[in-house]
Amino acid sequence: LLRAASYGMHFTFKDPKENRNIMGGSLKDAADENAMTMPSQTTVKFVNTAKKLRILNALRNPAIGFVLTSAQYDAITPVGVVARLIAINKPTLATSISKYLGLPKSVQLYARAAKAAAFVAASKNRSDADTAEGAIRIISEDENGRNPSKRSLSCINRGGYATVAMAANS
């Protein structure tokens with residue numbers, strides 16, 4: 001049901017023409033002819049609640065063991081949840097959550113740097129070149145899982161490389 005509702009929500013963004021009917025309720029600025037078709041507040045709330053449930057269920061996994069109520073999640077905020085996951089050595093989940101929620105680039109980079117640091121710490125049987133290549137690949141992934149251009153890497157990864165280097169020395 002949640003997957004179907006999320007799938008259907010994407011179609012409400014696609015019809016900016018004369019048809020102003022919105023699934024889930026009316027639009028506040030329906031009189032504005034030039035406004036892009038947006039989902040209703042009910043639809044947005046439903047999708048946000050579904051995302052929160054997915055995050056809370058992922059955190060409740062026995063392998064993670066980080067049980068939160070909805071009120072606690074709201075109080076900590078998603079950025080705080082990512083920071084706590086990194087603190088309990090779960091950087092892969094932190095990276096996934098930060099990407100899934102579309103958190104700020106700095107938070108996503110911090111999570112990827114922690115994941116790369118864990119990769120460096122766990123790769124004792126690999127050569128230094130393979131370890132460095134793997135860490136750089138983890139840090140340089142963009143939100144689509146692709147590697148960005150070398151020009152953008154210099155701006156994005158200033159703090160990421162330092163985090164991995166510090167983790168490798170400890």
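Remember, it's a predicted structure, so these values are computed and weren't measured experimentally. The chain is numbered in sequence order, starting from 1.
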Worksheet entry | Derivation and outcome, side chain to side chain contact (heavy atoms under 4.5 Å, CB included), residues Thr95 and Leu85 | CA-CA 9 Å; Thr95 303; Leu85 284 170; over 6 Å; no
Practice prompt. Would you give the length of the straight line joining atom CG of Leu56 to atom OH of Tyr73, rounded to the nearest 0.5 angstrom?
Written response: 7.0 Å
Worksheet entry | Minimum heavy-atom distance Pro78-Leu101, with the two atoms named | CB-CD1, 3.7 Å
Fill in: Atom CG of Asn57 with >12 non-hydrogen neighbours under 6.0 angstrom
yes
Worksheet entry | Nearest heavy atoms of Ile64 and Ile88, plus distance in Å | O-CD1, 4.5 Å
Item to complete: Measure the shortest side-chain to side-chain distance between Asn61 and Leu93 over non-hydrogen atoms and say whether it is less than 4.5 angstrom.
Response: no
Worksheet item: Which heavy atom in Ser98 sits nearest to a heavy atom in Ala111, and how many Å separate them?
Response: OG-CB, 3.9 Å
Discussion item. Using every non-hydrogen atom in the two residues, find where Gly80 and Ile76 come nearest and quote the distance to one decimal.
Written reply: C-CG2, 3.5 Å
Worksheet item: So if you build clusters from Ile, Leu, Val, Met, Phe, Trp, Tyr with side-chain heavy-atom gaps below 4.5 Å, do Leu109 and Phe119 land together?
Response: no
Practice prompt. Please check if atom CZ in Arg126 has more than 12 non-hydrogen atoms from other residues, nucleotides or ligands closer than 6.0 Å.
Written response: no
Item to complete: Indicate the atoms forming the closest heavy-atom contact of Ile139 with Ala113, along with that distance.
Response: CG1-CA, 4.3 Å
Discussion item. Could you go through Thr49 and Lys45, starting from their C-alpha distance and side-chain angles, then the distance that decides it, and tell me whether this counts as side chain to side chain contact (heavy atoms under 4.5 Å, CB included)?
Written reply: CA-CA 6 Å; Thr49 303; Lys45 185 176 180 181; 4.2 Å; yes
Fill in: Minimal non-hydrogen separation, Lys52 against Asp74, with atom names
NZ-OD1, 3.0 Å
Discussion item. I'd like to know whether Phe66 forms a side chain to side chain contact (heavy atoms under 4.5 Å, CB included) with Lys90, so could you lay out the CA-CA distance, the side-chain angles of the two residues, the decisive distance to 0.1 Å, and finally the verdict.
Written reply: CA-CA 10 Å; Phe66 185 31; Lys90 303 294 182 189; over 6 Å; no
Discussion item. Membership question, hydrophobic clusters at under 4.5 Å side-chain separation (ILVMFWY): are Ile138 and Ile97 in the same one?
Written reply: no
Discussion item. Tell me whether Leu103 shares a hydrophobic cluster with Leu59, the cluster being built from Ile, Leu, Val, Met, Phe, Trp, Tyr side chains joined at under 4.5 Å.
Written reply: yes
Worksheet item: From Ile55 CD1 over to Ser70 OG, what is the distance, rounded to the nearest 0.5 angstrom?
Response: 12.5 Å
